[in-house]
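In what follows, chains are A, B, ... by sequence order, proteins preceding strands, each numbered from 1.
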Number of protein chains: 2
Amino acid sequence: MSSIKDVARTVGVSTATVSRALRGLPRVSESTRDRVLRAAADLDYVASPSAAGLAGGRTRAVGVVVPFVSRWFFASVVQGAEAPLREAGYDLLLYNLGGDMESRDRVFASHLLRRRVDAVLVLSLTPSTSEIAELVKLKRPVALVGATVPGWSSVRIDDVDAACTAMRHLLALGHRRIAHIGGSLEGQLDFAAPRDRLEGYRREMAAARLPVDRRWEIASDFTVQGGVRGMTELLALEPAARPTAVFAASDEMAIGAVAAVRRAGLRVPDDVSVIGIDDHEMAEFFELTTVAQPAREQGRLAAAAVLAAMDSSNRPGGVPATHTVPTTLLVRGTTGPPPCDE
Amino acid sequence: MSSIKDVARTVGVSTATVSRALRGLPRVSESTRDRVLRAAADLDYVASPSAAGLAGGRTRAVGVVVPFVSRWFFASVVQGAEAPLREAGYDLLLYNLGGDMESRDRVFASHLLRRRVDAVLVLSLTPSTSEIAELVKLKRPVALVGATVPGWSSVRIDDVDAACTAMRHLLALGHRRIAHIGGSLEGQLDFAAPRDRLEGYRREMAAARLPVDRRWEIASDFTVQGGVRGMTELLALEPAARPTAVFAASDEMAIGAVAAVRRAGLRVPDDVSVIGIDDHEMAEFFELTTVAQPAREQGRLAAAAVLAAMDSSNRPGGVPATHTVPTTLLVRGTTGPPPCDE
DNA sequence: CTGAAAGCGCTTACAG
DNA sequence: CTGAAAGCGCTTACAG
């Protein structure tokens, strides 16, 4: 495998000049640059990232920390982040937490990221105090998606607002007994979305002066199966307490809720209305009413934020960018007015 | 940030000893190892991957090349591969092709992988001759998922067999006019699955001595929308040519096909039966009959294969491992006998 | 079991 | 615009 020395020798210049020419740095004459480029191509030369990283202090890689790669939203955000990173010449190091806190520790506390990456993207979880400390030690740009930490770039939707939008849609249809299938909050103070979406639910119920039965607040897990279980619980309530509408904190859970309603021999939306959040790739297919959020776009913006920060790292400024991306109510077929006898 | 020298100084040994102790190499006394480990922890020392990579020639990273991260099957394989890699101390570099051939070139031909990774996992695409040449240049273990290249490890299902299983299920139910919604084959000689699944379709139709209408072989794109379009085309055929059953090459397309049938005011499986391949996370929810393949497991096996190859790289042997993982017919609610008047 | 020394292949001031 | 030289922080034979 040819090294920078081979290229330098072939062209008859120093390795310093080869390095500058190849990286597009100024202060290299056009003709020299051309010759270097050609020789590098001829020799099939590729700079060693390890050597470049050691010498230059930059790895040209960005770490992406994600709770579960295989979940649609996270995979979409990763996909959105990947394109701008690749275009800018950065590799993407994927750190999948897979839901277990052990690997979470390993990623943050055991400094898996250290000296490996030039920037970090953290998806959908709010780092703990100690994790923030670890990230600060990195001294690299950090951008969060779906969470906020003062001083860092952040891309997210307004979760409370999105929940309120969903709730107002149900309320406008005339529903009064509305349940919420959300995420579990126990020991999960790290996910902002479930908390905020629950808050939106409560806020709108309160604004409408509607009582909330405790059993209407289901703590689930953002999966289809979790949605099935949540809805099954709700349908088991005595008739007077049974909700006529359900606001699920994600489309996956909403889809599960719809399935549970149908399995119980009831109809959506005639007997029960269901609304989700996301606009999952399958939502349209299900004719699911939902509050859409742009997943890929959020990944793209987060990548752009760290890219910009790395660019301007020499300059004084560098205010962290905070994007709140808009959500859109998509009324499809799973919501309607409550049953007539209500 | 502390370096190996700081640790060496603290303990009063050479950096070579620190290096050995930290990596668990033999020929270090227990007491020395203990002291080194403690000092490293105290100093919050983390070895620089760049320096280690440059000096040792190994990067402790594995590249994973994937057509589309956001598609369920690929995301699941990545997830399956991630765990064993992380446990073995390897980072995962994600290369998402995103369907465009330009970035495909960049990944393979422009040597994005070169000197960056100790091994490569290629998902679901058969590398071209020139891509194989690039991979060979890497001189690193390569494992393929869903494809085969002589001499390399490979993990896959028997696609022809899986298709035959699906077809035999439909044939056993009494269907005679069976259509196939598959992948496009044009300029896509790189994906083996669509070709093999089409072959299974043809083989079983021939074995049953059933004629195949050309219009029954739909070239689609493995998406839900593609399934909708494919089925819509089939339903537009004159009654005598309209299939009573459809074998889709993926669950996503099968799900789309089911949707198209329903939108046309027909019922599944009463009017049209639909079977897919995958057992997508939403398949059970849809009560989709399918031929299940283990996605995570394939990722896990592929990772294990390169891990083993890296372990034994010093030894003589090192026969590439080839796993054909089993598929299972899952009969659910979208298949049944053809309509009575047939 | 341990250390001194070379070297991995680049980039970066510093000169000119 | 270009080069000589130092240095980035490790690992690896080679000795002992």
Side-chain angles (χ1 to χ4, degrees), chain A residues 1-37 39-40 43-61 89 91 111 114-118 139 310 313-314, chain B residues 1-37 39-40 43-61 89 91 111 114-118 139 310 313-314:
Chain A
M1 213 174 316
S2 48
S3 82
I4 196 171
K5 277 188 188 167
D6 301 316
V7 180
R9 199 177 304 127
T10 305
V11 182
V13 294
S14 71
T15 59
T17 298
V18 173
S19 176
R20 290 185 199 108
L22 254 23
R23 284 178 300 147
L25 260 36
R27 301 173 175 271
V28 178
S29 76
E30 267 318 301
S31 82
T32 303
R33 191 186 304 278
D34 285 350
R35 281 154 53 220
V36 169
L37 255 29
L43 294 168
D44 202 25
Y45 169 71
V46 186
S48 153
S50 294
L54 179 57
R58 264 163 290 105
T59 61
R60 292 250 123 199
D91 278 331
H111 355 265
R114 206 123 124 232
R115 313 209 213 208
R116 263 271 180 201
V117 299
D118 293 342
K139 292 186 182 155
M310 290 190 282
S313 59
N314 312 319
Chain B
M1 213 172 319
S2 47
S3 82
I4 196 172
K5 279 189 188 168
D6 300 317
V7 180
R9 199 177 305 126
T10 305
V11 181
V13 294
S14 69
T15 60
T17 298
V18 173
S19 177
R20 289 184 201 109
L22 253 24
R23 285 179 298 147
L25 260 36
R27 300 171 178 275
V28 178
S29 76
E30 266 319 301
S31 83
T32 304
R33 190 187 303 280
D34 284 351
R35 280 153 57 221
V36 169
L37 255 28
L43 293 169
D44 203 23
Y45 168 71
V46 187
S48 154
S50 295
L54 179 57
R58 264 164 290 106
T59 62
R60 293 248 123 201
D91 278 330
H111 356 263
R114 205 123 123 230
R115 311 207 215 211
R116 263 273 180 198
V117 299
D118 293 343
K139 293 185 181 154
M310 291 190 284
S313 58
N314 311 320

Taken to the nearest whole Å, CZ/B/Arg23 to C1'/D/dA13 is 12 Å
Of the candidates D/dA4, C/dA4, D/dG7, the side chain of A/Ala16 sits closest to D/dA4
Exercise for the section: Assign B/Ala52 to base, sugar-phosphate, or nothing according to its heavy-atom contacts below 4.0 angstrom with the strands shown. Expected result: sugar-phosphate
If you compare every side-chain N and O of A/Ser3 against the phosphate oxygens of C/dG9 (OP1, OP2), does one of them come in below 4.0 Å? no
Select base, sugar-phosphate, or nothing to describe what A/Arg33 touches, counting heavy atoms under 4.0 Å on all strands. nothing
| query | Taking only N and O in the side chain of A/Ser29, is any of them less than 4.0 Å away from OP1 or OP2 of D/dC1? | reply | no
Side chain to side chain contact (heavy atoms under 4.5 Å, CB included) with B/Tyr45: of B/Thr10, B/Asp6, B/Ile4, only one passes, and it is B/Ile4
Closest to the side chain of B/Val13, out of C/dG3, C/dG7, C/dG9, is C/dG3
From CZ of A/Arg60 across to P of C/dG9 the rounded distance in Å is 21 Å
Rounded to the nearest 0.5 angstrom, the OG-CZ distance for A/Ser50 and B/Arg58 is 11.5 Å
For the side chain of B/Arg115 and the base of C/dG9, is some donor closer than 3.5 Å to an acceptor across the two? no
From CD1 of B/Ile4 across to P of D/dT11 the rounded distance in Å is 5 Å
Can you tell me if the side-chain N/O atoms of A/Arg58 get under 4.0 Å from OP1 or OP2 in C/dT12? yes
query = Are B/Arg20 and D/dA13 close enough that a side-chain N or O sits under 4.0 Å from OP1 or OP2?
reply = no
- Message: Under 4.0 Å, counting only non-hydrogen atoms across every strand here, what does B/Thr32 touch: a base, just sugar-phosphate, or nothing?
- Response: sugar-phosphate
When rounded to whole Å, the NZ to P distance for the pair B/Lys5 and C/dG3 reads 15 Å
| Does B/Arg20 reach the main-chain N or O of B/Arg27 with its side chain, forming a donor-acceptor pair under 3.5 Å? | no
query = Heavy-atom distance under 4.5 Å between the side chains of A/Arg114 and B/Asp44, does that happen here?
reply = yes
In whole angstroms, the gap separating P of D/dG9 from CG of B/Leu54 amounts to 12 Å
Closest of D/dC10, D/dG3, D/dC8 to the A/Ala55 side chain is D/dC8
Notebook entry, point to check: For D/dG9, does either OP1 or OP2 sit under 4.0 Å from a side-chain N or O belonging to B/Ser48?
Noted result: no
note: A/Arg27, atom CZ; D/dT2, atom C1'; distance rounded to Å ~ 11 Å
Rounded to whole Å, CG of B/Leu43 lies from P of D/dG9 at a distance of 15 Å
When rounded to whole Å, the CG to C1' distance for the pair B/Leu25 and D/dT12 reads 10 Å
Closest non-hydrogen atoms of A/Arg116 and B/Ala61, given as atom of the first, atom of the second and distance, are NH1-CB, 3.9 Å
Ranking D/dG3, C/dC10, D/dG9 by distance to the side chain of A/Ser14, first place goes to D/dG3
Any strand, both distances under 3.5 Å, Watson-Crick or G-U wobble: C/dG16 pairs with D/dC1
Counting N and O atoms only, with roles assigned by atom type, does the side chain of B/Arg60 sit under 3.5 Å from a partner on the main chain of B/Gly53, one being a donor and the other an acceptor?
no
